[in-house]
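First up is the structure itself, then whatever we jot down about it.
For ligands, and for the atoms within them, numbers begin at 1 and follow the listed sequence.
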Amino acid sequence: MKQDLQLWQLLPPAQEEIIAAFQEDLAAKLAGSASSLSLLPSFLLPATGQEEGDFVALDFGGTNARMARIRLGGQGRHKVLKQVSKPLGVHLTAEGHAEGLFDFLASLAADIVEPEERLPLGHTFSFPCEQANLQQAQLLRWSKEIATPGVIGQDVNQLLREAFARAGLQIQPVAIINDTIATLLAGTYLLPGTQIGSILGTGHNTAYFEPSRNMLLNLESGAFRAIPGNEFDAALDAASLHPGEQPLEKRVSGRYLGELVRLALLKEHPHCGLKQPYCVTPFHLAAWLHPGERCPFPLPPDVVGTARQLAQWATWRSARLAALTYVALFRHLGSSGPIAIDGSLYEHLPGYASMVRVTLEEHGYRIPVRLLKGGSALGAALAACAASKNLL
Ligand code: GLC
């Protein structure tokens, strides 16, 4: 193969530069100066362990919507009593519209609650929002190639409230949180001392507890800029829905990783047939990364060999970049603690979790990194519990 590892590799000096730049960007934002990071307030503290009761959790991610009825029993105990999950499909495209999207979300509740039940709902909404309190959140911008018109600038929970009213349901949306905040909150409930919550799935982003603000904060770290890129990163960005936005997310997350590998593979084997943008997904990458797994596409053996190699390189770079931002956060905090991660990339991509762990260890952090499957829904229930206490 002609391409070389250098295009994807992050040598130790480059890694140190990324860590330092992330710390600088964070410090700048905390000081109120220009920065590619955000510090979006959640109005939440770590869980206390005293959270109890029944709550509805709505998890609106980048692909599916999930509604669950969750019973919190305190001290990390919880039980999912009922749940339903559906793909969001056309509702997320420019052909969709706000009312249709929120009616679809409200329709999920039919299997979860009786029409007259007034249960508090926590809403994990996985996009950047400006919040003035725990109940309201205005969508700042879409990410992850989502384009539904009529939602940017709106109070997302109000749109949900109106949809419940149209459906004749009494559920009360009392809290709205980012999925990184949900994962961090769930982490602190299950493993007290958890310091970082992160998503490595369709999108990528991280939240942490900032002592000087006494609050869990959403960094929108997918927007972090000071990272090296290659010609495939540039090509992917230029053809994306929002060029110039989310540079870190476009190198790390599952929405883009397969496309990066496809672009690199096409350069090496222009006639390999993988012409359709985004036809390579993390599902295909997983097969390429798994030794002995059959190739998911009908490709000649030499092309498969290249695909496997490129998938390895791109995946290592993704895991390393994410881990370097965690290192930067620990250096900023001057301490380290467990990390809670949710997302399909971290869960399903062969070797991914150990790549994150190895990178942390290379930088001196031998700490528990925990996969929190369903952390978004548990976090939503915990946030609803915190909000209902505040509302009493
Ligand atoms: C995107 C969103 C962010 C979310 C992440 C993971 O980066 O902007 O809010 O947390 O995806 O779902």
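Listed as neighbours of ligand 1 are Ser126, Phe127, Pro128, Ser143, Lys144, Asn178, Asp179, Thr180, Ile199, Gly203, His204, Asn205, Glu220, Gln246, Glu249, each bearing a heavy atom under 4.0 Å from the ligand.
For Tyr189, there are no ring pair (Phe, Tyr, Trp, His ring centres under 6.0 Å) partners two or more places apart in sequence or in a different chain.
Residues Arg320 and Arg251 have side chains not in contact (no heavy-atom distance under 4.5 Å, counting atoms from C-beta outward).
Other residues sharing the hydrophobic cluster of Phe283, ordered by chain and number and joined by side-chain separations under 4.5 Å: none, the residue standing alone.
Note on ring orientation: taking the six-membered ring where Trp is involved, the planes of Tyr352 and Tyr346 are perpendicular (angle over 60°, cut-offs 30° and 60°). Classified by interplanar angle (parallel below 30°, tilted 30° to 60°, perpendicular above 60°), the ring pair Phe330/Tyr365 is tilted.
Pairs of residues two or more places apart, or lying in two chains, that qualify as side chain to side chain donor-acceptor pair (under 3.5 Å) and include a residue from residues 302-311 are His269-Thr306.
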